[in-house]
Amino acid sequence: MTDLHIPETLDEACYLLSDLDDAQVYGGGTAIQILRKQGVLFTEDLVDIGRIPGLDVLEVTPLGVRVGAMVSIRRMETDPGVRQVVPLAALAYGRVASPRVRNTARVGGNIAHGDYRLDPPTALLALDATVETRSARGSRAIRVRDFFTDFQQTALEPDEMVTALVIPAQPLPGACRYVKMSSLRESDWPSASAAALVTEEGGRRRLELGLGALAPIPVHLSLDVTGLSPQAAGSAARDAAEPHLDPIPDIRGSSDYKLRLGRVAVYEAVTGACEELNHA
Ligand SMILES: Cc1cc2nc3c(=O)[nH]c(=O)nc-3n(C[C@H](O)[C@H](O)[C@H](O)COP(=O)(O)OP(=O)(O)OC[C@H]3O[C@@H](n4cnc5c(N)ncnc54)[C@H](O)[C@@H]3O)c2cc1C
């Protein structure tokens, strides 16, 4: 038997998470429902945060985006402000599973799920986004670059919940590309993914790269690609990524197969973004 708790305030939710043994936050429920059906989720208490005011607010300013934990993934894909201010994030959120999952799954549940194959964290790493959290002990801001700590592990404490993500505006001039390679069907989890953000400042060209499904946790790399052709930048990024690639074999392919996909994903994302910036 599972008890479903439906707090009306953030304080009430934090109290429940600290007071109950092993309680879990219920966001959109897309992952929780599957884990329950598979018999691998044993918690007796779920804390549904869907009624807490403010968690479904999406704020877009020229400085960036602040997105509440209960904003849907579909909204991140389609909101005109998100597409304008952080287009790389809109691209990656738009590639999560199917429209049906994207309509139900929430931004907070997505990142808290902690899976190494998730699409959005690749873009959030490149954009240097921050996760805001709350617990009965107070609030924290954790860079996404520090959020994924080990295989299926995040920096969240058991009594802590994600309240929002803060994504700084994509610098201009700049260009981005998200490449996702799935082995089974287009809407499936990726076997390799790469989010590339290329920007220019003071005569320097910088690349921020986020990689998914290619190692036990999402990977972030920064590279100076000043003076390089798109193809040379793509090759440099592929070489820089190589020591970080350690794909996990599963029904979607062997480690070697995913490694090959990963190299192609990195090259395509980086050359595509550089070419777009050259023509901007
Ligand atoms: C068929 C299918 C295909 C999928 N394919 C992809 C894919 O291609 N790419 C991809 O990126 N993802 C994919 N996913 C995963 C999907 O992105 C996640 O299921 C979803 O984002 C989780 O969001 P949710 O709101 O439904 O979370 P929930 O299912 O509610 O929760 C997921 C986890 O996060 C915790 N949690 C939820 N909200 C919070 C919060 N605010 N604070 C702290 N912890 C919280 C829960 O306790 C649970 O541990 C797929 C899922 C399904 C079902």
Side-chain angles (χ1 to χ4, degrees), residues 2 4-7 10 13-14 16-18 20 22-38 40-52 54-56 67-77 89 91-125 131-135 139-140 142 147-148 152-165 178-193 195 210-213 218 250 252:
T2 305
L4 184 64
H5 306 266
I6 310 181
L10 211 44
C14 290
L16 286 164
L17 289 172
S18 69
L20 298 165
D22 205 24
Q24 273 204 284
V25 177
Y26 189 95
T30 57
I32 285 182
Q33 294 292 357
I34 285 191
L35 295 174
R36 280 170 62 84
K37 276 189 198 144
Q38 290 171 341
V40 290
L41 186 74
F42 304 110
T43 182
E44 286 175 10
D45 294 286
L46 289 172
V47 179
D48 181 342
I49 57 172
R51 280 202 204 151
I52 299 174
L55 291 185
D56 60 351
V67 45
M70 287 302 283
V71 168
S72 74
I73 287 179
R74 181 76 172 149
R75 196 160 162 214
M76 290 300 284
E77 172 193 5
L91 288 174
Y93 277 106
R95 293 302 310 276
V96 171
S98 59
R100 188 171 164 194
V101 172
R102 294 200 289 279
N103 273 322
T104 311
R106 309 287 142 171
V107 161
N110 180 262
I111 196 147
H113 192 37
D115 196 289
Y116 67 103
R117 302 163 300 175
L118 292 168
D119 291 288
T122 58
L124 299 174
L125 284 168
V131 182
E132 291 185 350
T133 74
R134 260 293 276 282
S135 72
S139 306
R140 288 204 293 162
I142 309 166
F147 189 75
F148 295 91
Q152 312 287 50
Q153 302 285 318
T154 71
L156 281 179
E157 298 292 340
D159 65 342
E160 197 173 25
M161 58 180 275
V162 175
T163 50
L165 287 182
Y178 182 58
V179 174
K180 167 174 179 169
M181 298 200 165
S182 300
S183 324
L184 300 182
R185 58 185 178 279
E186 203 191 341
S187 63
D188 190 37
W189 290 95
S191 293
S193 69
L211 306 178
D250 60 15
R252 291 170 178 84

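In each ligand, atom 1 is the first atom listed, and ligand 1 is the first ligand listed. Owing to the predicted nature of the structure, the values given are computational and were not obtained by experimental measurement.
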Exercise. Can you pull out the closest protein heavy atom to atom 51 (C) of ligand 1? Residue, atom name and distance to 0.1 Å, please.
Key: Val101 CG1, 4.1 Å

Quiz item: Do ligand 1 and Asn110 have nitrogen or oxygen atoms that lie under 3.5 Å from each other?
Solution: yes

Quiz item: Given Val107, Val96, Asp119, which one has a non-hydrogen atom that is nearest to atom 9 (N) of ligand 1?
Solution: Asp119

Quiz item: Does a donor on one side chain sit under 3.5 Å from an acceptor on the other, for Asn110 and Tyr93?
Solution: no

Exercise. Please indicate whether any nitrogen or oxygen in Met161 is less than 3.5 Å from any nitrogen or oxygen in ligand 1.
Key: no

Practice problem: Identify, by atom number and element, the atoms of ligand 1 in contact range of Arg106, meaning under 4.0 Å from any of its heavy atoms. | Solution: 23 (O), 24 (P), 25 (O)

Quiz item: Counting from 1, what ligand 1 atoms have a heavy atom of Pro120 closer than 4.0 Å?
Solution: 11 (O)

Practice problem: Mark yes or no for whether Arg51, through its side chain, and Pro7, through its backbone, hold a donor-acceptor pair below 3.5 Å. | Solution: no

Quiz item: Which atoms of ligand 1 have any heavy atom of Ala112 under 4.0 Å away?
Solution: 34 (O), 35 (C), 36 (N), 43 (C), 44 (N), 45 (C)

Quiz item: Counting only heavy atoms not in Gln152, do more than 12 sit closer than 6.0 Å to its CD atom?
Solution: yes

Practice problem: Quick one: look up the protein heavy atom nearest atom 3 (C) of ligand 1 and list residue, atom name and how far away it is. | Solution: Ala97 CB, 3.6 Å

Exercise. Looking only at protein heavy atoms, identify the closest one to atom 24 (P) of ligand 1 and say how far it is in Å.
Key: Gly28 N, 3.5 Å

Quiz item: Considering all heavy atoms of both residues, which atom of Gly28 and which atom of Arg106 are nearest to each other, and what is their separation?
Solution: N-CG, 3.6 Å

Quiz prompt | Residue selection (non-hydrogen contact nearest atom 33 (C) of ligand 1) among Glu186, His113, Gln152 | solution = His113

Quiz item: Quick one: does Thr163's side chain have a donor or acceptor within less than 3.5 Å of a partner on Glu132's backbone?
Solution: yes

Quiz item: Any idea which part of Lys180 is under 4.0 Å from ligand 1, heavy-atom wise: side chain, backbone, both or neither?
Solution: side chain

Exercise. Applying side-chain contact (heavy atoms from CB on, under 4.5 Å), run through Asp115 and Trp189 and close with a yes or a no.
Key: CA-CA 10 Å; Asp115 196 289; Trp189 290 95; 3.9 Å; yes

Quiz item: Do side-chain atoms of Arg102 reach the backbone of Val96 as a donor and acceptor pair under 3.5 angstrom?
Solution: yes

Exercise. Write out the residue and atom name of the closest protein heavy atom to atom 46 (C) of ligand 1, then the distance separating them to 0.1 Å.
Key: Val25 O, 3.0 Å

Quiz item: Do the side-chain N and O atoms of Gln24 and Thr43 include a donor-acceptor pair separated by under 3.5 angstrom?
Solution: no

Practice problem: If you have a sec, work out which protein heavy atom is nearest atom 31 (O) of ligand 1 and how many Å separate them, to one decimal? | Solution: Ile32 CG1, 3.7 Å

Quiz item: Just which atoms of ligand 1 are under 4.0 Å from any heavy atom in Asp188?
Solution: 8 (O)

Quiz prompt | side-chain contact (heavy atoms from CB on, under 4.5 Å) evaluation trace for Val67 with Arg75 | solution = CA-CA 10 Å; Val67 45; Arg75 196 160 162 214; over 6 Å; no

Quiz item: If we only count N/O pairs under 3.5 Å, is Gly29 in contact with ligand 1?
Solution: yes

Exercise. Quick one: closest heavy-atom pair of Arg95 and Asp119, and the distance?
Key: O-OD2, 3.3 Å

Quiz item: What's the shortest distance from atom 41 (N) of ligand 1 to any protein heavy atom, and which residue and atom give it?
Solution: Val162 O, 3.1 Å

Self-check item: Subset of ligand 1 atoms that lie under 4.0 Å from at least one heavy atom of Ile34
Solution: 53 (C)

Quiz item: Atoms of ligand 1 less than 4.0 Å from Gln24 heavy atoms?
Solution: 47 (O), 48 (C), 49 (O)

Exercise. Among all protein heavy atoms, pick out the one at the shortest distance from atom 50 (C) of ligand 1; state its residue, atom name and that distance to 0.1 Å.
Key: Trp189 CZ2, 3.7 Å

Quiz prompt | Residues forming a side-chain hydrogen bond (donor to acceptor under 3.5 Å, both in side chains) with Asp159, sequence neighbours excluded | solution = Arg137

Quiz item: Do Ser191 and Ser183 get their side chains close enough for a donor-acceptor pair, meaning under 3.5 Å?
Solution: yes

Quiz item: What are the atoms of ligand 1, with element, lying closer than 4.0 Å to any heavy atom of Ile73?
Solution: 21 (O)

Self-check item: Sub-4.0 Å atoms of ligand 1 with respect to non-hydrogen atoms of Ile49
Solution: 41 (N)

Practice problem: Could you walk me through whether Lys180 and Thr122 pass side-chain contact (heavy atoms from CB on, under 4.5 Å), step by step? | Solution: CA-CA 10 Å; Lys180 167 174 179 169; Thr122 58; over 6 Å; no

Exercise. Give the residue, atom name and distance (to 0.1 Å) of the protein heavy atom nearest atom 37 (C) of ligand 1.
Key: Gly109 CA, 3.3 Å

